[in-house]
Amino acid sequence: MSDPATITETLTKDHRDCDRLLSAVSLQGRKTDWPRVVRETEAFRAAMERHFRFEEEVLFPPLEQVAPLAAGPTEMMRQHHGQIRVLLDDLAAAAAAAEAADYVGISETLHFLIQQHNAKEEGILYPLADRALAGQGADLAARLAEMD
Amino acid sequence: MIATDGLSLEQAPPLDLPLRLFLTAPLFAAAAGVLLLWQADVVLATRWSPAALAATHLLTVGFLGMVMVGASLQMLPVLVGAPVPAVRPVAGAVHMLLGIGATGLAAGLLGGGPWPLAIGAATAALGFGIAALGLLLALWRARRRGTGLRGFPLPMLALMVAVALGAMLTLALLGWLVLPRLLDWVNLHAAWGLFGWVGLLVLTVGVQVVPLFHVTPAYPVWVVRRLGPLLFLALLGLTLAALLPDSAGIPIAQLLGALLAAGFGAFAVLTLWLQAHGARARIDATLLHWWLAMAALLGAVGCWALGGSTELMGLLLLVGVGVGLPSGMLLKIVPFLCWFHLQSRQVALGRFDLRIPHMHRLLPERGARAQLALHAAALVFLLAGLLQPVFGRVGGALLALAALWLLALLVGSASRYRAAKRTLETTSAGTG
């Protein structure tokens, strides 16, 4: 049996899954199926929210306990989550209003913001968490799947 | 700034630093275009013509140098959590030195005499040296965490080799140094600059950003881990082969040349394949810039394999890849940075009642597509100019137009940013 997945592996994969949900939303000019865009946007937002809640409620608190120095970076990540949530709201609003140009522009801005944020987490914070939490890390990572 | 145990996750450098570099760079591409408009017949006839050498250095030192330094200052804190030390003086000095360097080198190579050449070479070398030192120092500090940009030092080292060889060539041109087999050294300088610095940089950055921004599957591990070092070794071998007698040196050089061509060709094919299989299928100006640049790279590989002219190869690599890819990148990175700094301001002021302009409002897509069209037309006409110089002149004019249009789009983005920032700040001051 393979080793249980680390925090880095599990959460990096979840990032990619979220990316794909956003990418899958397609607008087709006048033929755009807006109710569907609204549904897919909601599915993407729910996946992002699950990811954020896992980090903020499950991962960060024990990490801050065992590695007090990580409190700065985790606080920064929480701020990023706030910034991303603002854009997620804007995206949902553009979908609800069937504003194609705004939807595409916000979607791209959001995509860039998320990539910049993910790069910091995947390159720095998750490896730090795997080292600091050691064996506990894999148990925590497994709880992502249990979140709804 | 939050710094813990050398681990700093503070935001990117102040916006004006990369912007200063990004908004100056297109002027040098435009200058190269004007030079081609004026002397296309000479530039395209032989790469040894003074005008061709001048245009090449306007593009590499002025355009590519500034874009690369600006993008690196921005990316390193994000990808490895390592800010460049003393970023403000470093960025300011590099901006000025590369600007003077590109201008001096171009003027000197065009026949402006020994002093512009000497000053140009010295300032360009100093500018690149300071930039590389700052970037390598940042990477060194982050080495224990170094997951993000493992391959990044290699293009920087290649740049340093190209700069050192360039300095040597300058001394030889000025008559201060006797350099036998001068042409071999020129070829090595060009190889380290084009394949080592530009090529390895595109490779290193590409394997990182293409999967993220175009939501593609990852590159195979051997490409991510081994291809860069392998090609770097090939360049080292090429350099050593130049020191051997021709009977041994030439076959070795041909073999290593084939390795370089195959390596970059494989990267281009893989990139196109991954982008075709990416989840983010929206075809925009930047993705088209990638496709055009990878096609030009494959064209250069084909040209090498078929023994085509170095002028054709140079044009494909310098304009097709070296101008195209950074242009496509700037069309995204500048509006994103403007938006990012605006949103940070909005969060700091708590002004969520105001909507800030998203990327496409800062830099309209239609404008970006027009930029791509101008660039593509410039490349086509310049290639045709190899056969018929009058096409080369048109190509030069289009290259200048594409660069000036790029500049207009970037300036537009920056001024919309300033206007939105003023709105955020004045209304918040007005309402308390």
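All heavy atoms count here, side chains included; hydrogens, waters and symmetry mates do not. Here is how names work: the chains are called A, B, and so on, in the same order as the sequence lines, proteins then strands, and each is numbered from 1.
Contacts between residues 84-96 of chain A and chain B, defined by a heavy-atom separation under 4.5 Å, are made by A/Val86, A/Leu87, A/Asp90.
Summarising the geometry, atom OG belonging to B/Ser344 is positioned 9.0 Å from atom CD belonging to A/Gln79; distances are rounded to the nearest 0.5 Å.
You'll find the side chain of B/Leu212 stays beyond 4.5 Å of the side chain of A/Gln116, heavy atoms only. Between B/Pro211 and A/Arg16 the shortest side-chain heavy-atom distance does not fall below 4.5 Å. Counting only heavy atoms from C-beta outward, the side chains of A/Ile106 and B/His360 never approach each other to under 4.5 Å. Looking at B/His358 and A/Leu110, their side chains never come closer than 4.5 Å, going by heavy atoms from C-beta outward.
Contact annotation for A/Asn118: neither backbone nor side-chain heavy atoms come within less than 4.5 Å of a heavy atom of chain B.
B/Phe340 and A/Gln83 make their closest contact through CE1-NE2, 4.5 Å (heavy atoms, listed as atom of the first residue, atom of the second, distance). Residue B/Lys332 comes nearest to A/Phe112 through the heavy atom pair CB-CZ, 3.6 Å, listed as atom of the first residue, atom of the second, then distance.
Put simply, the side chain of A/Thr109 gets close to the backbone of B/Met359: a donor and an acceptor are under 3.5 Å apart.
Residue-environment remark: CZ (B/Arg361) stays at or below the threshold of 12 foreign heavy atoms within 6.0 Å. Around atom CD of A/Glu42, more than 12 heavy atoms belonging to other residues, nucleotides or ligands sit under 6.0 Å away.
For A/Arg36, the side-chain hydrogen bond (donor to acceptor under 3.5 Å, both in side chains) criterion is met by A/Glu40, not counting sequence neighbours.
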